[in-house]
Amino acid sequence: MLKARVITALLLLGGLLAAVFLLPAVGWLAFVSVICAAAAAEWGGIAGFSVTRRRIYALLLGLLCMAGGLVAGLHRNDAVAPFSLVPVYAVSALFWLLCVPFWLRARWAMPGAGAASIVGLVLLLPPSLAMAHLRLLSPWLLLGVMAAVWVADIAAYFTGRAFGRRKLAPSISPGKSWEGAYGAAVGVVIYGFICFSYVGHAMADVGSVVFAAAALVAFTAVSIMGDLFESMLKRQAGVKDSGTLLPGHGGILDRIDSLTSTLPLAGLLALWFAR
């Protein structure tokens, strides 16, 4: 299993880097749309859709992602400020900041098929479009945001194993601890300030430092919510992984759960600074 995990991770990283740096804008948008469709098929499985409905749902979300990207101009290299995406990102932000915390606390069951289809749309379309958007601004910006999520995951894992005592959400994900969450926040803050320093955004006053640190901690919290939300739904559906597409890693949703919550916020922040 470890060998399969390592080989799959290396292939995924190599494929991601090749796609990010080599594909033209329209090719990257198509690539992201395929990922959206594949993740939608897995979401349909968690939601209990039939095989036929899962395929139709995946096709529709993939096409909607492609169409939405074309309308927003994400197929053009000069579309660095697609403000038409603001409503899409805003709906996602409201979902993660106002709805998901209560959903996790109450551990609501997955709603009916119609509501599950809408939730899947909110869950998958905004981060897919954000991937296309952020890559237009800079491939390094997209990778930097994704790396922040990976840093949070890695820091939480090792901190939790070393110091974990208090369970974060024992009925949802027994392996997660508050100590791991604190470690994730510290790791992301350190990573963020290293990135700020590298790109030349030195912070000369205390207010800027405090604001940046708070924003990075909030980013970490939203990342953890994305992970917990999928874990809860998988547990309710009685499945360990969202799929079997990635040997040793489960499905696509298992790899992008934290990105579904964080990428739209990063896209919204990018549009805020582009005003």
Side-chain angles (χ1 to χ4, degrees), residues 29-30 32-72 74 84-133 169 171-173 222-245 250-265 267-268:
L29 177 59
V32 167
S33 299
V34 171
I35 293 176
C36 181
E42 294 179 355
W43 172 260
I46 293 175
F49 295 173
S50 66
V51 174
T52 300
R53 182 162 185 166
R54 285 175 60 182
R55 291 173 178 171
I56 294 174
Y57 185 68
L59 178 61
L60 288 177
L61 251 67
L63 291 175
L64 186 58
C65 180
M66 189 70 188
L70 291 174
V71 170
L74 300 181
S84 59
L85 292 179
V86 169
V88 178
Y89 293 159
V91 168
S92 177
L94 291 174
F95 174 74
W96 286 107
L97 298 178
L98 299 182
C99 178
V100 170
F102 295 101
W103 196 327
L104 290 172
R105 184 177 181 84
R107 295 191 293 278
W108 296 327
M110 176 66 72
S117 299
I118 296 174
V119 172
L121 178 66
V122 175
L123 191 73
L124 298 174
L125 183 61
S128 300
L129 293 174
M131 286 181 68
H133 169 208
S171 63
I172 297 176
S173 185
V222 173
S223 170
I224 293 172
M225 278 198 296
D227 191 345
L228 287 175
F229 185 66
E230 196 212 342
S231 296
M232 181 187 69
L233 295 180
K234 287 191 299 183
R235 183 173 290 271
Q236 291 175 348
V239 297
K240 182 179 183 294
D241 298 315
S242 64
T244 58
L245 184 62
I252 290 178
L253 270 177
D254 296 316
R255 296 302 94 209
I256 66 170
D257 49 9
S258 296
L259 294 173
T260 58
S261 58
T262 51
L263 283 175
L265 293 180
L268 192 61

When you compare the side chain of [Y] with that of [X], does any pair of heavy atoms fall below 4.5 Å?
X: L129; Y: C65; result: yes
X: S242; Y: I252; result: no
X: D254; Y: K234; result: yes
X: L61; Y: L121; result: yes
X: L85; Y: L74; result: yes
X: T262; Y: S223; result: yes
X: R235; Y: S171; result: no

Would you confirm whether [X], through its side chain, and [Y], through its main-chain N or O, come within 3.5 Å as a donor-acceptor pair?
X: E230; Y: D257; answer: no
X: S84; Y: A72; answer: no
X: D227; Y: S258; answer: no
X: R54; Y: F49; answer: no

Give the minimum heavy-atom separation between [X] and [Y], together with the two atoms involved.
X: M110; Y: Q236; value: N-OE1, 3.5 Å
X: R53; Y: G114; value: NH2-N, 4.3 Å
X: G62; Y: A37; value: CA-CB, 3.9 Å

Gap between atom [atom2] of [Y] and atom [atom1] of [X] - 0.5 Å precision:
X: R107; Y: I172; atom1: CZ; atom2: CD1; result: 6.5 Å
X: L263; Y: L259; atom1: CG; atom2: CG; result: 5.0 Å
X: S117; Y: I56; atom1: OG; atom2: CD1; result: 11.0 Å
X: S128; Y: H133; atom1: OG; atom2: NE2; result: 14.5 Å
X: Y89; Y: L125; atom1: OH; atom2: CG; result: 9.5 Å

Step-by-step side-chain contact (heavy atoms from CB on, under 4.5 Å) determination, W96 to L123: CA-CA 9 Å; W96 286 107; L123 191 73; 3.2 Å; yes
W43 and F229 aromatic ring geometry - parallel, tilted or perpendicular at 30°/60° bounds: parallel
Aromatic plane relationship, F95 with W103 - under 30° parallel, 30 to 60° tilted, over 60° perpendicular: perpendicular
Criterion side-chain contact (heavy atoms from CB on, under 4.5 Å) on V100 and L228, from CA distance to verdict: CA-CA 10 Å; V100 170; L228 287 175; over 6 Å; no
